[in-house]
Amino acid sequence: MNLSGQLQTLTKDEMQRVHDSACRLLEEKGIVFQAEDARELMKQHGCKIDGENVRIPKALVEQCLKQCPSTFPLEALDHKYDVTVGEDILIHPAGGEVFVLDHDGTRRAPTLKDCGDLQTLYQYCENVNIGGFQPLSPTDVPERMKGLYLTLNAMQKCSKPILSPMELETIEKKEEVLKLFNIAFGQENYTDHHYVTWHAVCPNSPYLVSQFVCDGIKVYAGHNQPIIIVSAPMTGITSPAFLISTVILSIAEMLSCLVYAQLVRPGVPVVMSASLTYGNLRYATWECASPDTAIMLSTSIQMFKHFYHLPARAQTGVTSSKICDYQAGMETMQSFLMSALSGVNLTSQTVSSLAGLLISSLEKTILDDELIGRVRWMMKGIYLDEDQWDLTELLEAQPGQDFLIADNTLEHMHDYWQPTVSDWRTIEAWEADGCKDVEEAAHQKVTEILAQAPESLLDSEQEKAMTDYIRCVGKHA
């Protein structure tokens, strides 16, 4: 019995009410689209335009929802890592963090090497399915070329599916990054069902779809690549204080972008992503690791998965702790486990992240990989076949006996989960090995992985073509 989707915060009638409320906001209130070409396209399909404000009919929203696939393939440079988005749980790690935390406790600005080291760990981690899109924002590369360097760096270090960087603020930069994907995958144009990356866009709450978001949708949907829509309102700050109001606002904003994506290219995959958070007015901060945030994520996942029948993505497995401590483990598990039980199909920020998405840690990457493995194992539930129900051993057992050498014990002793970093040995064995805590064990693993990793996973011709292209862009930048 798989436990995915067993946790539901809304009834069927309440899900319908959330949808109707979001559509009412779009139809009566409307939403600002800053791009003139986006407004013109939406006008052609029955939307009402008043200056930059666009009011979207409910019928158009529901028509566009029907065009979106419930699953889609995502290709990797090494096809053994190809995945299907919308099935099971896919993990992609942190992105956009502005600091890196060294093992000695130093918090510093990141470099491109730090990004590569994280991508190497993502390649190694069995529970990470998708490579980082921008694990950090490196400070040692030219701003104009950052997206290209990040994309090449990711492909050199990780052969899992790779996502486009976040900091592509112009159409030119977006097209340049897509050119690197064209070189890597050996083709200029992507046909239906040939998806190799995606672009994440984030409307500004409340009610604003910026020129940057419009351009991202237009370029990537135009190239038949999926669009990830990330609405991130904060209760009491950029949305009302009520949790359900914040959910309704975020869904309205995402639906508006979904409509535009479908008008640009009907049938292009669209993923709605829950990144809404609890606004902590005590400190004027937002809390990604609050239990209230977890409830809103669960509610949103239920809407995506069970009402809209789309892949359900969430910013989950996160923490406000600044170091790898008990708080970090507690909040990361709370967030990720609740999302998994709610049926999340795709995650973001689930690996590496600390301090409310401000810091990445190589050691936490390894710790999170085990944490995800624990949750994946539990989500499978209990396996039952007729052998499991057989009572022979129990009926034949004598009072006080053990089962250490029973046939089923010897045959199935390796069937169950084991940790990759946590220490399950006796106290004596742990003391004899130096009394290492779990972060020290993770650091040792990080050191070993980076020491053994190849310089690049790309073949020489691919790498030369990509570096030549980047050099050419640099000359004309």
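Values below: every heavy atom of this structure, side chains too, minus hydrogens, waters and symmetry copies.
A distance-only check finds no donor-acceptor pair linking the side chain of Asn345 to the backbone of Ile89 [under 3.5 Å]. Although no hydrogens or angles enter the test, the distance criterion places a donor-acceptor pair under 3.5 Å between the side chain of Asn127 and the main chain of Asp369. Although no hydrogens or angles enter the test, the distance criterion places no donor-acceptor pair under 3.5 Å between the side chain of Asp78 and the main chain of Ser159. A donor-acceptor contact shorter than 3.5 Å links the side chain of Asp114 to the backbone of Thr111. Judged purely by atom type and a 3.5 angstrom limit, Thr299 uses its side chain to pair as donor or acceptor with the backbone of Ile295. Proximity of a side-chain donor or acceptor of Gln134 to a complementary backbone N or O of Met166 within less than 3.5 Å is detected. A donor-acceptor pair under 3.5 Å is absent between the side-chain atoms of Thr347 and the main chain of Thr350, judged by distance alone. Under a 3.5 Å cut-off, the side chain of Thr197 and the backbone N or O of Ser164 do form a donor-acceptor pair. Side-chain N or O atoms of Glu75 include none that pairs as donor or acceptor with a backbone N or O of Val196 at under 3.5 Å. Of the possible polar contacts, one joining the Ser250 side chain to the Val247 backbone as a donor-acceptor pair under 3.5 Å is found.
Trp198 pairs by the ring-ring contact (aromatic ring centres under 6.0 Å, His included) definition with His92, not counting sequence neighbours. Annotation: ring-ring contact (aromatic ring centres under 6.0 Å, His included) contacts of His103 (sequence neighbours excluded): His443. Residues passing the salt bridge (charged side-chain N to carboxylate O under 4.0 Å, His left out) test with Arg107: none are found, sequence neighbours excluded.
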Report all side-chain donor-acceptor pairs from residues 148-156 shorter than 3.5 Å, counting only partners two or more places apart or in another chain.
unit_1 : atom_1 : unit_2 : atom_2 : d
Thr151 : OG1    : Gly147 : O      : 2.8
Asn153 : OD1    : Gly116 : N      : 3.1
Gln156 : NE2    : Glu463 : OE2    : 2.5

Distance-only donor-acceptor hits, side chain of residues 470-477, under 3.5 Å, sequence neighbours excluded:
unit_1 : atom_1 : unit_2 : atom_2 : d
Arg471 : NH1    : Asp468 : OD1    : 2.9
His476 : ND1    : Cys472 : O      : 2.9

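Ion pair Asp433/Arg425 flagged as a salt bridge, since at least one NZ, NE, NH1 or NH2 atom sits closer than 4.0 Å to an Asp/Glu carboxylate oxygen. Of the charged side-chain nitrogens involved, at least one lies within less than 4.0 Å of a carboxylate oxygen, so that Glu169 and Lys173 count as a salt-bridged pair. Ionic pairing of Lys179 and Glu176 is not present here: no N-O contact between side-chain nitrogen and carboxylate oxygen is shorter than 4.0 angstrom. A salt bridge links Glu172 with Arg144: the distance from a Lys NZ or Arg NE/NH1/NH2 to an Asp or Glu carboxylate oxygen falls below 4.0 Å. Under a 4.0 Å N-O distance rule, the pair Asp102/Arg108 qualifies as a salt bridge.
Atom SG of Cys257 is separated from atom CE of Met272 by 9.5 Å, given to the nearest 0.5 angstrom. A distance of 15.0 Å separates CZ of Phe336 from OG1 of Thr319, quoted to the nearest 0.5 Å. Expressed to the nearest 0.5 Å, how far CZ of Phe72 lies from CD of Gln225 amounts to 9.5 Å. The distance from atom CD1 of Ile217 to atom CD1 of Ile229, rounded to the nearest 0.5 Å, is 5.5 Å. Tyr383 contributes atom OH, which lies 10.0 Å from atom CG of Asp415 (distance to the nearest 0.5 angstrom). The structure places CD of Glu97 at 4.0 Å from OG of Ser360, a figure rounded to the nearest 0.5 Å.
The shortest non-hydrogen separation linking Ser205 to Leu249 is CB-CD2, 4.4 Å. The nearest pair of heavy atoms linking Leu337 to Met378 is CD1-CE, 4.4 Å. Scanning all heavy atoms of the two residues, the minimum distance from Ser231 to Glu253 falls at OG-OE1, 2.6 Å. Across every non-hydrogen atom of Leu90 and Thr84, the tightest pair is CD1-O, 3.5 Å.
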Full working for side chain to side chain contact (heavy atoms under 4.5 Å, CB included) between Asn224 and His194: CA-CA 8 Å; Asn224 191 39; His194 188 75; 5.6 Å; no
Audit row: Gln262, Leu258, side chain to side chain contact (heavy atoms under 4.5 Å, CB included) steps and yes/no: CA-CA 6 Å; Gln262 291 304 309; Leu258 180 148; 4.2 Å; yes
Test log, rule side chain to side chain contact (heavy atoms under 4.5 Å, CB included), inputs Leu118 and Ser352: CA-CA 8 Å; Leu118 281 167; Ser352 311; 3.9 Å; yes
Criterion side chain to side chain contact (heavy atoms under 4.5 Å, CB included) on Asp117 and Leu362, from CA distance to verdict: CA-CA 8 Å; Asp117 287 347; Leu362 275 66; 3.9 Å; yes
Trace of the side chain to side chain donor-acceptor pair (under 3.5 Å) decision for Gln63 with His45: CA-CA 11 Å; Gln63 173 192 328; His45 287 82; over 6 Å; no
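Around the OH atom of Tyr308, the shell of radius 6.0 Å holds more than 12 heavy atoms that belong to other residues, nucleotides or ligands. The environment of Lys218 atom NZ is sparse: at most 12 non-hydrogen atoms of other residues, nucleotides or ligands sit within 6.0 angstrom. Residue-environment remark: NE2 (His414) stays at or below the threshold of 12 foreign heavy atoms within 6.0 Å. Taking a 6.0 Å sphere around CD of Glu461, one finds it holds 12 or fewer heavy atoms contributed by other residues, nucleotides or ligands. With a 6.0 Å radius and a threshold of 12 heavy atoms from other residues, nucleotides or ligands, Ile382 has its CD1 atom at or below the threshold. Around atom CD of Gln44, more than 12 heavy atoms belonging to other residues, nucleotides or ligands sit under 6.0 Å away. Other residues, nucleotides and ligands place more than 12 heavy atoms under 6.0 Å from the CD atom of Gln211. Shown here is Glu36, whose CD atom has no more than 12 heavy atoms of other residues, nucleotides or ligands within 6.0 Å.
A side-chain donor from one of Glu287 and Ser320 sits under 3.5 Å from a side-chain acceptor of the other. Side chains of Ser335 and Thr316: a donor on one and an acceptor on the other come within 3.5 Å. Ser137 and Glu167 share a donor-acceptor pair across their side chains, judged by distance under 3.5 Å alone. Residues Gln315 and Ser273 bring no donor and acceptor atom of their side chains to less than 3.5 Å of each other. Using a 3.5 Å distance cut-off with no hydrogens or angles, the side chains of Lys364 and Ser353 do not pair a donor with an acceptor.
Across Cys115, Pro110, Pro93, a single residue satisfies side-chain contact (heavy atoms from CB on, under 4.5 Å) together with Pro135, and that is Cys115.
In this structure the side chain of Val271 never reaches within 4.5 angstrom of the side chain of Leu310, judged on heavy atoms. Looking only at side-chain heavy atoms (C-beta outward), Thr293 and Leu276 stay at 4.5 Å or farther from each other.
Under the salt bridge (Lys or Arg N to Asp or Glu O under 4.0 Å) criterion, no residue pair touches residues 305-327, with sequence neighbours excluded.
By the 30° and 60° cut-offs, the orientation of the rings of Phe33 relative to Tyr260 is perpendicular.
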